[in-house]
Each structure stands twice: as C-alpha cells, then as structure tokens.
Amino acid sequence: MKNNKTKQKPRVVTTKTVLKMKQTGEKISMLTGYDFLVAKYLDEVGIDIILVGDSLGNVVQGYETTLPVTVDDMIYHAKAVKRAVKNALIVVDMPFMSFQTSTDDAVRNAGRIMKEVGVGAVKLEGGAYIADIVRHLVKVGIPVMGHLGLTPQAINKFGTYEVRATDDAEAEELVNDAKVLAEAGVFAIVLEKIPSELAKRVTDSIPVPTIGIGAGTDCDGQVLVVYDMLGLTEEFKPRFVRRYAELANVMRGAFKQYIDDVKSQKFPSDKESY
Ligand code: KIV
C-alpha cells in the first residue's frame, strides 16, 4: 500500500516570514550563532533566526565590550554560519563604527556583508537618529533589523549594563524610536533589557515584530546569546538568561578525563589505534 503521509518540507525563513509570524501570532525564536557546528544544530532543530551577533567580541574573542569587533570579524564568522544553514534567516550585526559614521559607510559595509556572505539581513543598534541610514539601506535592498533599549555599543555613554528606559522620558523616547525605525523600514526590532510593560507597549504600537532579550513575555519573539543559554558563560547570570544546559561543567569534566587518560596511558586503547 502506498504511504500517503507526505513529509513536510522545513520552512525557509525570510524577512517576510518573520513579518507574517507577527500577524499570525506565531512566536519567533532567535539565538546567536558564530560558527559552523552550532549553526548546523540550530538550523537542524528549526530555529527561525540565527543572529551573528557582535557579542562574539565578548564570548568568542574575549573582549570586555563589543566595540573592538570589525566588519572583517563579522564576515569571517557569518561565512562559517552561512555554510551550515539551509532554512533559518541569518542576520548579521553591523559592528561599532561600521555604520554610524555616514550613510555611505553603512551601505559599503552592509553591502560587503550581504555580497561576501550572502545572508538575509543586517542588524543596527540605535534609535531615530539612524532612521535615514536604515531608510537608505532598505531602499538599496538590504533588510534591516533594529535594536533598542540596552544597546551594548553605547556602553561608554550608558556607563552600565543595567535595565534601560525605567523613567518616563527614556520610555517615551524608546516608543518614538521604535515607531520611527518601523516607518524607516526595519522588518523587526530587538528590545534589550527594558521593563516588560514598555516592551508590550512598543510591540502593540508597531507593525513589525519585536524580539526581546530581558524584555518580558509580550514581545513577538525571544533571543538569547547561545553561549549563555548553554551555560558556557558561567559567571554571567542576569535574570533574563535561562540556562538550558550546563556545558561549562560538561566540558571541564571531559577535558579532565582526557588529561587523566593520557597521563595514565588509558588513551588511546588498541581499538583506537591502527
Ligand atoms: O550581539 C548580540 O548577540 C545581540 C543580541 C544580544 C541581541 O545583539
């Protein structure tokens, strides 16, 4: 007998898919990814968006801030991710000073990322003051994700990584920023570390999806740094990070066992030799 069950093809996620998910109420899942294997596993299990975040400056390169990350660094990591991914939308962060200097620089650097890697979109931190840059990028065919609230590239202005927009003035400014960015053409906006109520207000006020990190339950999607949710960044414990694994312990245990096995000549065995 013929099996009538047809296997559903995995969905290829585009910026249009993401917009549709807001309209249908389907929550958007996003995690960061910086290398081939992690990106492969994320894609295999159906993540919607992989963000090649400039957080790679902290978790891969070991810098204190994201400021030293370069466009070349982003392209290097995004190429590795791209080789692994079949279905997820890949978004690449525009690093500090790669777009803030002028619209020309923004187009040149975002253009390099799109052309040399072949990803779906770029992400820019900043409010209404970058609207002209966003408008221009979108006009030339480069989809843009916005990023408001705690924007780590502005750490020297903020002075801390504490919750943003807790006072009325900053909250009003953030709502206005979100509206202006949506009008300028972003297809989604990351909201980082802001009060849940404010995130809900923004989410209800704009036609494009919000993706929260430390911004409560009412955003259209959620994002975490993959090394945080895997328990690799052990000492980083803000309340918005849920640890889905404790990989630092697993890795240390494996490394220790390996060292012991080499020292005691238990590795390699005859079976592991030629
Ligand atoms: O760089 C990054 O990983 C990010 C996320 C925290 C949203 O911008």
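For ligands, and for the atoms within them, numbers begin at 1 and follow the listed sequence.
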So for Leu56 against ligand 1, with non-hydrogen atoms under 4.0 Å, the contacting part is neither

Please confirm whether the backbone N or O of Tyr63 pairs with a side-chain atom of Asn58, one donor and one acceptor, at under 3.5 Å?
yes

Would Arg164 and Glu192 count as a salt bridge (Lys or Arg N to Asp or Glu O under 4.0 Å) if you check the C-alpha gap in whole Å, the side-chain angles of each, and the deciding distance to 0.1 Å?
CA-CA 8 Å; Arg164 303 301 316 171; Glu192 180 163 354; over 6 Å; no

Within ligand 1, which atoms have a heavy atom of Gly53 less than 4.0 Å away?
1 (O), 2 (C), 3 (O)

Among all the protein's non-hydrogen atoms, which is closest to atom 4 (C) of ligand 1, and how far away is it?
Leu51 CD2, 3.5 Å

Between Lys40 and Glu44, is there a salt bridge with N-O shorter than 4.0 Å?
yes

So the atoms of ligand 1 within less than 4.0 Å of a heavy atom of Thr32 turn out to be 3 (O)

Should the proximity of Thr66 to ligand 1, defined as any heavy atom under 4.0 Å, be assigned to the side chain, the backbone, both, or neither?
neither

Whether Asp43 and Lys86 form a salt bridge (side-chain N of Lys/Arg under 4.0 Å from carboxylate O of Asp/Glu) is what I want to check.
no

Where do Asp270 and Ser273 land on the side chain to side chain donor-acceptor pair (under 3.5 Å) test, with the steps shown first?
CA-CA 5 Å; Asp270 285 346; Ser273 306; 5.2 Å; no

In the protein, which heavy atom is nearest to atom 8 (O) of ligand 1, and how far is it?
Lys123 NZ, 2.9 Å

So, 4.0 Å and heavy atoms of Met30: is ligand 1 close enough to count as a contact?
no

For ligand 1, is there an N or O atom under 3.5 Å from any N or O atom of Asp93?
yes

Is Glu26 salt-bridged to Arg11, cutoff N-O under 4.0 Å?
yes

Can you measure from NZ (Lys82) to CD (Glu116) and round to the nearest 0.5 angstrom?
14.0 Å

What do we get for Asp54 next to ligand 1 when only non-hydrogen atoms under 4.0 Å count, side chain, backbone, both or neither?
both

Contacting atoms of ligand 1, where contact means under 4.0 angstrom from a heavy atom of Ser55:
1 (O), 2 (C), 3 (O)

So which bit of Glu125 gets within less than 4.0 Å of ligand 1, heavy atoms only: side chain, backbone, both or neither?
neither

Less than 3.5 Å apart, any donor N or O on the side chain of Tyr227 or Thr32 sitting next to an acceptor on the other?
no

Give the atom numbers and elements of ligand 1 that come within less than 4.0 Å of a heavy atom of His147.
8 (O)

Closest approach of any protein heavy atom to atom 6 (C) of ligand 1, naming residue and atom
Ile213 CD1, 3.7 Å

Does Tyr161 offer a backbone N or O that forms a donor-acceptor pair with the side chain of Lys193 under 3.5 Å?
yes

